[in-house]
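One structure is given here, and the rest of the page talks about it.
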2 protein chains.
Amino acid sequence: MFRLNRLVDYGVVLMSHIAAHTDRRFSAPGLASDLGLPVPVVSKVLKGLVHRGLLTSYRGAKGGYRLGREADAITVADIISAIDGPIALTHCIEDSDGTCGIESLCPQRGNWQIINHAVRNALADIRLSDLTAPLPPFFEPPLSKGGKDVTPL
Amino acid sequence: MFRLNRLVDYGVVLMSHIAAHTDRRFSAPGLASDLGLPVPVVSKVLKGLVHRGLLTSYRGAKGGYRLGREADAITVADIISAIDGPIALTHCIEDSDGTCGIESLCPQRGNWQIINHAVRNALADIRLSDLTAPLPPFFEPPLSKGGKDVTPL
DNA sequence: GCAAATCCGTACTAATTAAGTCCACTTTAA
DNA sequence: TTAAAGTGGACTTAATTAGTACGGATTTGC
């Protein structure tokens with residue numbers, strides 16, 4: 001179906017949620033309950049985002065995550081490639097192990113680069129700050145009652 | 001890896017090959033041997049392309065395939081969606097079976113539409129006539145044992 | 001009219017990839 | 001010191017994709 005995989009889907013949702021409250025730290029369990037997803041899954045996604053610097057993590061009790069840089073300096077392409085690896089629509093672009101013997105002669109290579117660039121550029125043009133829809137108020141954790149999810153900074 | 005599936009890869013290669021010789025009909029077995037792919041696989045891909053009118057098929061002996069319309073009236077988005085189904089990067093756009101209980105309230109929907117549109121537009125801007133690299137005469141297709149990528153590095 | 005070449009549709013199996021889980025470890029606040 | 005967090009890697013299961021098979025329909029040319 002030519003679609004992003006689910007983890008990327010989660011990633012975008014998580015990032016836009018976190019971006020909506022830059023003054024807070026969000027814990028993995030808290031985010032998981034916000035989104036109704038299993039903790040290990042959320043954790044896995046966050047892991048990738050941290051690794052690429054899109055999120056900063058804080059360990060220990062009251063630890064959690066916040067944006068690694070400004071929301072307008074993070075693009076959708078960044079998020080996708082953090083979780084999913086490089087955005088390469090076809091097999092031959094990404095791996096350089098030389099499985100294909102005819103390399104430089106390859107007549108299709110140019111074609112795929114045209115296509116790859118078009119898509120990459122499209123995704124690199126969308127910033128996190130353009131994705132303006134956070135989870136609405138009624139999805140937010142019950143802060144007043146023990147603040148189980150979101151740790152205020 | 002956020003990539004097109006292999007059949008789409010084949011499809012683009014097939015289409016650009018066929019587009020390079022608009023005066024010929026190409027049979028499925030002929031194309032398969034040009035690309036070094038199994039006939040049933042090529043056949044499957046061509047099927048989808050015919051179904052969407054990107055190719056016209058001719059049955060019977062001396063039958064085969066040719067472009068269904070001018071190369072500059074066929075876009076990469078057309079090819080992808082013919083083989084792979086609609087270009088919908090995330091799950092919640094395409095199926096309307098209501099698995100997602102919050103549908104119209106869904107705060108992420110708008111975000112995904114931004115992203116989907118960007119990618120769709122990028123792909124719809126690339127025409128088959130822009131993909132100018134046919135298989136050159138000296139191209140010797142690698143002998144395929146099934147899962148080989150058509151597009152070499 | 002028949003045989004050969006070709007496309008058509010569907011169902012099936014195998015292979016690959018993605019999704020999700022688990023666990024032992026480290027870090028930090030109280 | 002203990003509990004609440006993140007980290008990293010290995011693992012299992014689920015889902016999807018790739019590829020195969022086959023019976024049928026259509027056209028050409030002899």
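Side chains are part of it too, since the values below use all heavy atoms of this structure and drop only hydrogens, waters and symmetry mates. By convention in this document, chain letters (A, B, ...) are assigned in the order of the sequence lines, proteins followed by strands, and residues within each chain are numbered from 1.
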Taken in chain and number order and not counting sequence neighbours, the residues that satisfy side chain to side chain contact (heavy atoms under 4.5 Å, CB included) with A32(B) are V39(B), V42(B)
Rounded distance in Å - CG (L7(A)) to P (dT21(C)) | 11 Å
Strand-adjacent residues in residues 37-49 of chain A, judged by heavy atoms under 4.0 Å from DNA chain C = P38(A), P40(A), V41(A), K44(A)
Excluding sequence neighbours, so at least two apart, what forms side chain to side chain donor-acceptor pair (under 3.5 Å) with R69(A)?
-> D78(A)
Return no unless some side-chain N or O of Y10(B) is found under 4.0 Å from OP1 or OP2 of dG19(D).
-> yes
Please state whether the phosphate of dA5(C), meaning OP1 or OP2, lies under 4.0 angstrom from any side-chain nitrogen or oxygen of S27(B).
-> no
Let me know the distance between NE2 of H51(B) and C1' of dC7(C), rounded to the nearest Å.
-> 13 Å
Side-chain donor/acceptor pairs under 3.5 Å, residues 50-65 of chain B, sequence neighbours excluded:
residue : atom : partner : partner atom : Å
R52(B)  : NH2  : S81(B)  : O            : 3.4

Whole angstrom is fine here: how far is it from CG in L55(B) over to C1' in dC8(C)?
-> 14 Å
With F26(B) via ring pair (Phe, Tyr, Trp, His ring centres under 6.0 Å) - residues at least two apart | H17(B)
Its contact letters, B for base, S for sugar-phosphate only and - for none at protein heavy atoms under 4.0 Å, make nucleotides 23-30 of chain D read --BBBS--
List for me each residue that meets side chain to side chain contact (heavy atoms under 4.5 Å, CB included) alongside P40(B), sequence neighbours excluded, and say none if there are none.
-> P38(B)
Atom CZ of R66(A) to atom P of dG6(D): distance rounded to whole Å?
-> 14 Å
Mind checking what makes side chain to side chain contact (heavy atoms under 4.5 Å, CB included) contact with D72(B), not counting sequence neighbours?
-> E70(B), R127(B), S129(B)
Could you check how far CD1 of I83(B) sits from C1' of dG19(D), rounded to whole Å?
-> 15 Å
Contact under 4.0 Å: N5(A) side-chain N or O vs dA19(C) OP1/OP2 = yes
Send over the distance from D9(B) CG to dT17(D) P, rounded to a whole Å.
-> 15 Å
Could you list the residues that satisfy side chain to side chain contact (heavy atoms under 4.5 Å, CB included) with A77(A), not counting sequence neighbours?
-> T75(A), I87(A), L123(A), A124(A)
L131(A) vs V76(A) side-chain heavy atoms within contact, under 4.5 Å = yes
Under a 4.5 Å cut-off applied to non-hydrogen side-chain atoms, are V41(A) and L7(A) in contact?
-> yes
